[in-house]
**Q** 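Structure provided below as structure tokens; questions to follow.
Any value given below was found using the heavy atoms of this structure, including those in side chains, with hydrogens, waters and symmetry copies removed.
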Amino acid sequence: MDWKLEGNAQKTESRVLQEHEITLDDPGEDGVSESFQLLQIDVGCEHWGQETLPTGSAAWCSKNVQRKQRHWEKIVAAKKSKRKQEKERRKANRVENSGIYPQHSKRFLRSLIKERLLEAKHSGPRLCIDLSMTNHMSKKELSRLAGQIRRLYGSNKKADRPFWIYLTGFTTDSPLYEECLRMNDGFSSYLLDRTEEDCFSLFPLETLVYLTPDSEHALENVDLNKVYILGGLVDESIQKKVTFQKAQEHSVKTARLPIQEYMVKCQNGKNYHSEILTINQVFDILSTYFETQNWPEALKKGVSSRKGYVLQNSVE
């Protein structure tokens, strides 16, 4: 009985195998057998498994998007490199200009700057900024003047031989004072003299030299016995001879920077030539000359080529 059941089971298995073979050889109505479709799926899966796809949403980015992404990454890297180089350049300039080694602490540097400035108060050259002409200036002009005062003071702190600065005709209830507090961090602690008194009554008239581009006399030297005056005036309407006339009213000597003696006019598209400089540019020239005793070097630092002037040697 058992033998017959086993024989019937073998026959049934053989019949099933034959039907399966017929199915493999007989395509369906679409002309593609089910087994062939399964074969395609297996091959496709194997092909995908061989590729290394990026993770996340980047896996579905087109080549154009990936190219743009690589380009943007290069730009970001270049900007980072440029910022790093600029930071190193500024650090080197600070060391070079101050003559101080970078290993000194900030506290030591502050004390050294303070010592230099206080020494200049007693024995250094004196510079007065005449701020008595700010009543008719616009807020924009006052803001520009406040910025110039900040840059002038910053340059003076870096100088090996600083000037002692006076802000005359300067009242604490004036719009300029408010602009200086707003724009200049730490302005109230600047090491300089502030006074409401006019510069012409603060110093003996014979010691004063008013620096103005309208003067007929070129400045030859920086005299420690003199007080040099800069007109704190930002005038976008370019009123001529304002500071020169004010000096004449008080019978004060005038002088101009020796631009005409050491520089020549250069050709430019607008045919523009001007000897009018900001107070911080004039100060940079005075400070550099006082340290180097070299007018060409000093003028090169303060007179931009945009003013239409270049040194004579550069033309030759």
Side-chain angles (χ1 to χ4, degrees), residues 83-131 142-174 176-197 199 202-203 211 222-230 232 277-294 297-298 301-302:
R83 284 197 297 268
K84 183 178 179 181
Q85 293 176 359
E86 181 66 17
K87 184 177 180 180
E88 293 176 352
R89 185 188 66 80
R90 287 197 300 266
K91 182 178 179 181
N93 287 341
R94 285 196 299 269
V95 174
E96 180 181 355
N97 293 335
S98 62
I100 304 171
Y101 293 103
Q103 63 263 26
H104 292 305
S105 65
K106 291 183 178 180
R107 178 179 296 181
F108 174 81
L109 296 179
R110 285 195 297 267
S111 63
L112 183 58
I113 290 172
K114 182 177 180 179
E115 180 182 347
R116 286 177 176 176
L117 291 175
L118 293 178
E119 182 180 352
K121 183 175 183 179
H122 300 289
S123 60
R126 293 168 291 176
L127 181 74
C128 174
I129 303 177
D130 181 11
L131 300 174
L142 291 174
S143 298
R144 291 178 58 188
L145 179 57
Q148 293 175 18
I149 293 174
R150 180 186 67 248
R151 289 188 286 271
L152 186 152
Y153 182 74
S155 296
N156 195 45
K157 287 200 307 180
K158 296 177 183 179
D160 290 333
R161 304 176 66 187
F163 283 60
W164 183 251
I165 309 297
Y166 298 85
L167 302 180
T168 61
F170 191 50
T171 58
T172 56
D173 60 349
S174 64
L176 176 61
Y177 182 78
E178 295 178 358
E179 282 299 300
C180 288
L181 289 177
R182 184 181 68 85
M183 296 185 59
N184 306 342
D185 293 337
F187 176 76
S188 57
S189 61
Y190 278 10
L191 285 176
L192 44 75
D193 279 338
R194 306 173 187 84
T195 177
E196 297 181 5
E197 194 172 355
C199 59
L202 186 63
F203 306 101
L211 298 177
V222 175
D223 189 346
L224 295 177
N225 297 318
K226 299 292 184 181
V227 180
Y228 297 94
I229 305 174
L230 295 178
L277 305 174
T278 62
I279 59 173
N280 57 289
Q281 289 173 332
V282 175
F283 176 77
D284 287 342
I285 295 172
L286 289 178
S287 179
T288 303
Y289 174 77
F290 186 62
E291 292 184 4
T292 64
Q293 299 295 305
N294 186 313
E297 182 176 345
K301 184 173 182 179

**Q** For the CG atom of Leu176 and the CG atom of Leu145, what is their distance to the nearest 0.5 Å?
**A** 5.0 Å

**Q** Nearest 0.5 Å, please: how far is CG in Asn156 from CD1 in Ile165?
**A** 4.5 Å

**Q** Heavy atoms, side chains only, cut-off 4.5 Å: are Thr168 and Ile229 in contact?
**A** no

**Q** Mind checking ring-ring contact (aromatic ring centres under 6.0 Å, His included) for Phe283 and listing every partner two or more places apart, or none if nothing turns up?
**A** Phe163

**Q** Applying side chain to side chain contact (heavy atoms under 4.5 Å, CB included), can you list everything that pairs with Lys226, at least two apart in sequence or on another chain?
**A** Val209, Asp223, Tyr228, Lys253

**Q** Going from CG on Leu117 to CD on Glu115, what distance comes out if it is rounded to the nearest 0.5 angstrom?
**A** 10.5 Å

**Q** Is it true that a side-chain atom of Ser111 and a backbone atom of Phe108 form a donor plus acceptor pair closer than 3.5 Å?
**A** yes

**Q** Hey, are the side chains of Val227 and Leu202 touching, using non-hydrogen atoms and a 4.5 Å cut-off?
**A** no

**Q** Using a strict 4.0 Å threshold on nitrogen-to-oxygen distance, state whether Glu297 and Lys301 make a salt bridge.
**A** no

**Q** Side chains of Asp193 and Trp164: does their closest heavy-atom pair fall under 4.5 Å?
**A** yes

**Q** Can you list everything that forms a side chain to side chain contact (heavy atoms under 4.5 Å, CB included) with Arg194? Sequence neighbours excluded, please.
**A** Leu167, Phe170, Phe187, Tyr190, Leu192

**Q** What heavy-atom pair brings Asn184 and Ala146 nearest, and what distance separates the two atoms?
**A** ND2-O, 3.2 Å

**Q** Do Arg89 and Glu86 pass the salt bridge (Lys or Arg N to Asp or Glu O under 4.0 Å) test, and can you show the C-alpha distance, the side-chain angles, and the key distance before you say yes or no?
**A** CA-CA 5 Å; Arg89 185 188 66 80; Glu86 181 66 17; 2.4 Å; yes

**Q** Could you pull out the closest heavy-atom pair between Gly302 and Ile285, with the gap in Å?
**A** CA-CG1, 3.5 Å

**Q** Find the distance between CZ (Arg126) and SG (Cys199) and round it off to the nearest 0.5 Å.
**A** 12.5 Å

**Q** What's the separation between atom CG in Asn280 and atom OH in Tyr153, rounded to the nearest 0.5 Å?
**A** 15.5 Å

**Q** Distance check, rounded to the nearest 0.5 Å: Phe290 atom CZ versus Asp160 atom CG?
**A** 11.0 Å

**Q** Could you tell me if the side chain of Arg144 sits less than 4.5 Å from the side chain of Thr278, heavy atoms only?
**A** no

**Q** What's the shortest heavy-atom distance between Gly232 and Ile129, and which atoms?
**A** CA-CG2, 4.2 Å

**Q** Using a strict threshold of under 4.0 Å (side-chain N to carboxylate O), is an ion pair present between Glu119 and Arg116?
**A** no

**Q** In terms of side-chain heavy atoms, does Ser143 have a donor or acceptor partner in Glu179 at a distance below 3.5 Å?
**A** yes

**Q** Strictly distance-based, threshold 3.5 Å: is any side-chain N or O of Glu291 a donor or acceptor partner for the main-chain N or O of Ala159?
**A** no

**Q** Determine the minimum heavy-atom distance between Pro125 and Val222, stating which atoms define it.
**A** CB-CG1, 4.2 Å

